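Down below is the structure, laid out as structure tokens.
Below, each value reflects all heavy atoms present in this structure, side chains not excepted, and no hydrogens, waters or symmetry copies. Per chain, numbering begins at 1; letters A, B, ... match sequence-line order. All of these numbers come straight from a predicted model, not from anything done at the bench.
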Amino acid sequence: MLLSRLDVIRGILVEGLCAAVKDQPAVDQELDLPEQMKIRREKRARLLDEGKQPYPVGFERSATIAEIRARYGELPTDTASGEQAAVAGRVIFIRNTGKLAFATLRAGDGTELQAMLSLDKVGAEALEDWKRLVDLGDHVGVRGEVITSRRGELSILADAWQMTAKALRPLPVAHKPMGEEARVRQRYVDLVVRPQARETVRTRATVVRSLRNSLHDLDYLEVETPMLQLLHGGAAARPFVTHSNALDTDLYLRIAPELFLKRCVVGGIERVFEINRNFRNEGIDSSHSPEFAMLEAYQAYADYNDMADLTRQLVQDAAVALTGTHVVRYADGSEFDLGGQWRRVTLYGVLSEALGSDVTVETPHARLVELAAKHDVSVDPKWGPGKLAEELFEALVVPGLVAPTFVFDYPEETSPLTRAHRVTPRLTEKWDLYVQGFELGTAYSELVDPVVQRERLVAQSLLAAKGDPDAMQLDEDYLRAMEYGMPPMGGMGMGIDRLLMALTGLGIRETILFPLVRPE
RNA sequence: GGGCUGCUAGCUCAAUGGCAGAGCUGCGGACUUUUAAUCCGUAGGUUCAGGGUUCGAGUCCCUGGCGGCCCA
């Protein structure tokens, strides 16, 4: 009874306190922290009490760990180099003995160097401070002589050390993999702990740089076009909607840069590309992210055959940038050969093979429905024959397309921005590139006739009016641009995240540094 | 959208419906050549949340939350 009354009083006090300190948190929450976090906070406080900085403004380094390793990699076992150095890194591994302490420091580039603190070199006080105040995960700076230990480990034998940033949270156990969710939600920790995570960041940068270099070498100009758009178009996808207060109008996050890049070509930028983010308000799973990086490139006086050559070269150049050859290696150790010419098939050709029955763009809707039923592919009655053929293709053929394969010539019905096929009516000059069973890229001989384009877009906008959220809106300004004369051109698009997947075998959530996750 | 499955200590994971545990991490101690150091001692829990069944629930049932896998 008494207890509960005390609890009530305490509750009132706590409530009052909370209200009072709402704007200055942290301090009063310490009671609830796990032991290890409390201890680290205490060490931070102890540093301050002793007049030392837990977060000094800097640390004068004489060399990076990588430089020390490069210079003294060959230093024989148990040797003093004579060189004094000052290095900094994160403590990732610590071994303290009575009068000699070891720690492994890791720099941001992943290079590591052992620090040694011996009683006779660094002194009793500094050694005691080290053992008392340094935890796994802390950033420290160490000054001393570059030596090798008796076991041959390149080390810095400290004359002095200094905390450069005290870590208040313990690192996860380095030798057990973090759960996938923790890796994605706290990528910064993943990067600290897992070399592969850091490697993936570098790999991605290498690939993107390679794409830019290849395109620059081919005289393509890089541009940046709007992310915020008044109308949504350039692809069939559901957009995110946002709002401009200044214009008091809704805006769309772009689903594709296509229509703006083509405006560039109208204006005379005959080879143009953009590498940037697109946003699609659709499913989120291991192969789909709502925001994804995309390369699109357009070239005047090229067609979809030229774009196939370009795409293959871009991918092969990226492979060379990574491995020096056209063969890439996946994390599971398997190799994947992207070299040589790539298989080129037609949509209706491979579909006919898979169905065991000839189909063309002229095959009636009812016949396709019949074939779908025969092959256990469920269909939506709203789909036209073109869409139906594509769905059958995706279900029956795509999973088997492991080696890079260009699939040519799609039905007009599903490709409103594509030029009509030069030979076969009702087909368009479009290919999709498949690798490892997923779509890596696409290209068209672009539709440049403004009259035909208007008909197609009007049809799309009618679909949109009927409630198809994927359908494009009628973009009058784009049509106006076309009416000034759009040269014949080829255009291609390739997902950067997908390209990384193809080159590394990783899941999309590993190729994206900070993928969107549900709020915790 | 459907099916399956997971959520337990800072991290990775155990625990027939019957005392909630291990390894690493942490803390205290020993150790001047360690490499996931070793040795001795020790602490650490709202078992995702809420409800139900039961003498008794981490475990069984229901609802919800957050993941993962498979399918559409």
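- Across all strands shown, B:U8 remains unpaired; no Watson-Crick or G-U wobble contact has both distances below 3.5 Å.
- Residues passing the side chain to side chain donor-acceptor pair (under 3.5 Å) test with A:Asp250 are A:His243, sequence neighbours excluded.
- We find that CE of A:Met37 is positioned 15 Å from P of B:A9, with the value rounded to whole Å.
- Across the C1' atoms, B:U5 and B:U59 are found 16 Å apart, a figure rounded to whole Å.
- Pair assignment for B:G21 gives B:C13, based on Watson-Crick or G-U wobble hydrogen-bonding distances that are each under 3.5 Å.
- Taking the C1' atom of each, B:A20 and B:G44 are spaced 13 Å apart, rounded to whole Å.
- Here the C1' atom of nucleotide B:G10 and the CD atom of A:Gln186 are 11 Å apart, to the nearest Å.
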Would you list the protein and nucleotides 24-32 of chain B atom pairs, both N or O, that sit under 3.5 Å from each other?
{"unit_1": "B:U25", "atom_1": "O2'", "unit_2": "A:Gln36", "atom_2": "OE1", "d": "3.4"}
{"unit_1": "B:U25", "atom_1": "O2", "unit_2": "A:Gln36", "atom_2": "NE2", "d": "2.6"}
{"unit_1": "B:C27", "atom_1": "OP1", "unit_2": "A:Lys43", "atom_2": "NZ", "d": "2.6"}
{"unit_1": "B:C31", "atom_1": "N4", "unit_2": "A:Asn96", "atom_2": "O", "d": "3.4"}
{"unit_1": "B:U32", "atom_1": "OP1", "unit_2": "A:Lys99", "atom_2": "NZ", "d": "3.2"}
{"unit_1": "B:U32", "atom_1": "OP2", "unit_2": "A:Lys99", "atom_2": "N", "d": "3.2"}
{"unit_1": "B:U32", "atom_1": "O4", "unit_2": "A:Asp120", "atom_2": "N", "d": "3.4"}

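- Under the Watson-Crick and G-U wobble criteria, each requiring two contacts below 3.5 Å, nucleotide B:G56 is left unpaired.
- Separation of the C1' atoms belonging to B:U42 and B:G56 is 32 Å when rounded to the nearest angstrom.
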>> Applying side chain to side chain donor-acceptor pair (under 3.5 Å) to A:Asp159 and A:Gln84, what does each step give before you reach the verdict?
In response: CA-CA 9 Å; A:Asp159 291 323; A:Gln84 292 293 122; 3.0 Å; yes

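- Under the Watson-Crick or G-U wobble criterion, with both distances below 3.5 Å, B:A49 is paired with B:U63.
- Atoms CZ (A:Arg185) and P (B:C7) sit 17 Å apart, rounded to a whole Å.
- A:Thr405 places no side-chain N or O within donor-acceptor distance of the main-chain N or O of A:Arg343, the cut-off being under 3.5 Å.
- If you take atom C1' in B:G17 and the same atom in B:A57, they sit 7 Å apart, rounded to whole Å.
- Nucleotides B:G6 and B:C60, compared at atom P, are 9 Å apart to the nearest Å.
- Atom C1' of B:G67 sits at a distance of 15 Å from the matching atom of B:A49, rounded to the whole Å.
- Residue pairs meeting the salt bridge (charged side-chain N to carboxylate O under 4.0 Å, His left out) criterion with at least one member in residues 405-418 of chain A, sequence neighbours excluded, are A:Glu412-A:Arg456.
- The nucleotide B:U38 finds its pairing partner in B:A30, both defining distances of the Watson-Crick or G-U wobble pair being shorter than 3.5 Å.
- The local environment of CZ in A:Arg277 is sparse, with at most 12 non-hydrogen atoms from other residues, nucleotides or ligands closer than 6.0 Å.
- Under the salt bridge (Lys or Arg N to Asp or Glu O under 4.0 Å) criterion, A:Arg329 pairs with A:Glu335, sequence neighbours left out.
- Following rounding to the nearest Å, A:Arg95 (CZ) and B:C39 (P) show an atom-to-atom distance of 16 Å.
- With sequence neighbours left out, the salt bridge (Lys or Arg N to Asp or Glu O under 4.0 Å) criterion links A:Arg71 to A:Glu83.
- With sequence neighbours left out, A:Arg204 forms a salt bridge (Lys or Arg N to Asp or Glu O under 4.0 Å) with A:Asp497.
- Spacing between atom CD of A:Glu153 and atom P of B:U35 amounts to 11 Å, rounded to whole angstrom units.
- Taking the P atom of each, B:G45 and B:C70 are spaced 38 Å apart, rounded to whole Å.
- For the P atom pair drawn from B:G64 and B:U47, the interatomic distance equals 22 Å after rounding to whole Å.
- Atom P of nucleotide B:U35 and atom CG of A:Leu105 are separated by 17 Å, given to the nearest angstrom.
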